[in-house]
Enquirer: 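What follows is a structure written as structure tokens; I'll ask about it next.
We count residues from 1, following the sequence as given.
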Amino acid sequence: MACTAETLAAALRAAAAVIAGHRAELIELDRAIGDADHGENMDRGFTAIVSALDTAIPETPAAVVKLAATTLISKVGGAAGPLYGTAFLRASGKLGDAAEVDGPLLVEALRAALEGVQARGKAVGGDATMVDALIPAVSAAEEASGSGIAAILSAAADAADKGAESTVDLVPRKGRASYLGERAKGHMDPGARSTALLLRAFAEAAK
């Protein structure tokens, strides 16, 4: 099954509901090692995406993803807005003029999103950031690329969950948490957690 502008819009609505449901959790994760605004910022951004989609759903998948990107960049403070905005923007560029997104194109878009986040935030695996969820997610998606949208996203979400869990044992080397050094160990990175939540929401929507 391929993914259209309408199904992508529905997936973003589902993601907004998941972020809203985990807002308090993300705030608490960020309170431990950051400035406690990640849950609030993500919820504001995805609420704004839903409002934009309520006005009109763009005609192509790329345009839907670009709408999400520009909304996040304009509405979300902290590091999350630029990083997630860049991820969606790079993904949108990869989707081009396609009327529908198939499995291989989805995988290319996920890879582009990861590369965008790394270019913007300069993080690598092991830095205890959202990249620690994204790297294994993209690898898992690439391995599952012949399996259809739902299977690809499920594989990515499973890998992102494990990647987010791995940040608990890492000493952060990027962002505000890095100022805490060893004291930040034992806490999951909020960006890695929100990445895993979003991929799980997309996977569930694809089913």
Side-chain angles (χ1 to χ4, degrees), residues 12 14-50 68-69 71-88 110 113-141 153-204:
L12 285 166
V18 167
I19 291 296
H22 289 268
R23 175 179 166 276
E25 177 199 347
L26 292 172
I27 287 171
E28 288 310 310
L29 285 175
D30 199 26
R31 192 188 309 283
I33 56 173
D35 44 15
D37 64 354
H38 188 63
E40 188 66 51
N41 284 340
M42 292 294 287
D43 188 35
R44 183 189 313 116
F46 275 84
T47 299
I49 289 171
V50 170
T71 304
L72 291 172
I73 290 167
S74 65
K75 300 288 185 187
V76 179
L83 289 170
Y84 274 113
T86 299
F88 279 99
L110 288 170
L114 167 61
E115 289 171 355
V117 169
Q118 289 196 281
R120 186 75 194 234
K122 306 290 186 267
V124 298
D127 282 347
T129 70
M130 64 191 287
V131 165
D132 287 297
L134 266 178
I135 287 175
V138 172
S139 293
L153 287 170
S154 288
D158 289 345
D161 283 338
K162 291 194 183 84
E165 287 288 345
S166 78
T167 64
V168 173
D169 298 319
L170 297 172
V171 176
R173 294 194 295 248
K174 291 284 177 187
R176 191 177 288 265
S178 64
Y179 303 146
L180 297 174
E182 288 283 343
R183 284 177 297 153
K185 211 168 169 183
H187 297 282
M188 186 183 297
D189 178 71
R193 175 62 174 148
S194 62
T195 297
L197 287 170
L198 288 176
L199 285 167
R200 182 64 64 197
F202 294 150
E204 291 301 314

Enquirer: Heavy atoms, side chains only, cut-off 4.5 Å: are Leu12 and Phe88 in contact?
Expert: yes

Enquirer: Do you know the tightest heavy-atom contact between Ala159 and Pro136?
Expert: CB-O, 3.4 Å

Enquirer: What pairs of residues pass the salt bridge (charged side-chain N to carboxylate O under 4.0 Å, His left out) test when at least one of them lies in residues 33-49, not counting sequence neighbours?
Expert: Arg23-Glu40, Arg23-Asp43, Asp35-Arg176

Enquirer: Less than 3.5 Å apart, which donor and acceptor atoms pair up between the side chains of residues 190-203 and the rest of the protein, not counting sequence neighbours?
Expert:
| residue | atom | partner | partner atom | Å |
| --- | --- | --- | --- | --- |
| Arg193 | NE | Glu25 | OE2 | 2.6 |
| Arg193 | NH2 | Glu25 | OE1 | 3.4 |
| Arg193 | NH2 | Glu25 | OE2 | 3.4 |
| Ser194 | OG | His38 | NE2 | 2.8 |
| Ser194 | OG | Tyr84 | OH | 2.7 |
| Ser194 | OG | Pro190 | O | 3.4 |
| Ser194 | OG | Gly191 | O | 3.1 |
| Thr195 | OG1 | Tyr84 | OH | 2.9 |
| Thr195 | OG1 | Gly191 | O | 2.8 |
| Arg200 | NH1 | Asp158 | OD1 | 3.3 |
| Arg200 | NH2 | Asp158 | OD1 | 2.7 |
| Arg200 | NH2 | Asp161 | OD2 | 2.7 |

Enquirer: Hey, could you give me the CG/CG distance between Leu72 and Leu83, rounded to the nearest 0.5 Å?
Expert: 11.0 Å

Enquirer: Work out which heavy atom in Ala160 is nearest to a heavy atom in Ala137; give both atom names and the distance.
Expert: CB-CB, 4.1 Å

Enquirer: Nearest 0.5 angstrom please: Leu26 CG to Ile19 CD1, how far?
Expert: 5.5 Å

Enquirer: Can you check whether Thr71 reaches Phe46 side chain to side chain, under 4.5 Å on heavy atoms?
Expert: no

Enquirer: For the side chain of Ser166 and the backbone of Gly163, is there at least one donor-acceptor N/O pair under 3.5 Å apart?
Expert: yes

Enquirer: Roughly how far, to the nearest 0.5 Å, is the CE atom of Met188 from the CD1 atom of Ile33?
Expert: 10.0 Å

Enquirer: Ion pair present between Lys162 and Glu165, side-chain N to carboxylate O less than 4.0 angstrom?
Expert: no

Enquirer: As an exercise, state the distance from CD1 of Ile73 to OG1 of Thr86, rounded to the nearest 0.5 Å.
Expert: 5.5 Å

Enquirer: Nearest 0.5 Å, what's the CE-OG1 distance between Met42 and Thr47?
Expert: 11.0 Å

Enquirer: Between Val76 and Gly81, which heavy-atom pair has the shortest distance, and what is it?
Expert: CG1-N, 3.4 Å

Enquirer: Where is the tightest heavy-atom contact between Gly45 and Lys75, given as atom of each residue plus distance?
Expert: CA-CB, 4.5 Å

Enquirer: Rounded at 0.5 Å granularity, tell me how far CD in Gln118 sits from CD1 in Ile135.
Expert: 4.5 Å

Enquirer: Under the side-chain hydrogen bond (donor to acceptor under 3.5 Å, both in side chains) rule, collect the residues that match up with Asp132, sequence neighbours excluded.
Expert: none

Enquirer: Write down the atom of Thr167, the atom of Thr129, and the distance for their closest heavy-atom approach.
Expert: CG2-O, 4.2 Å

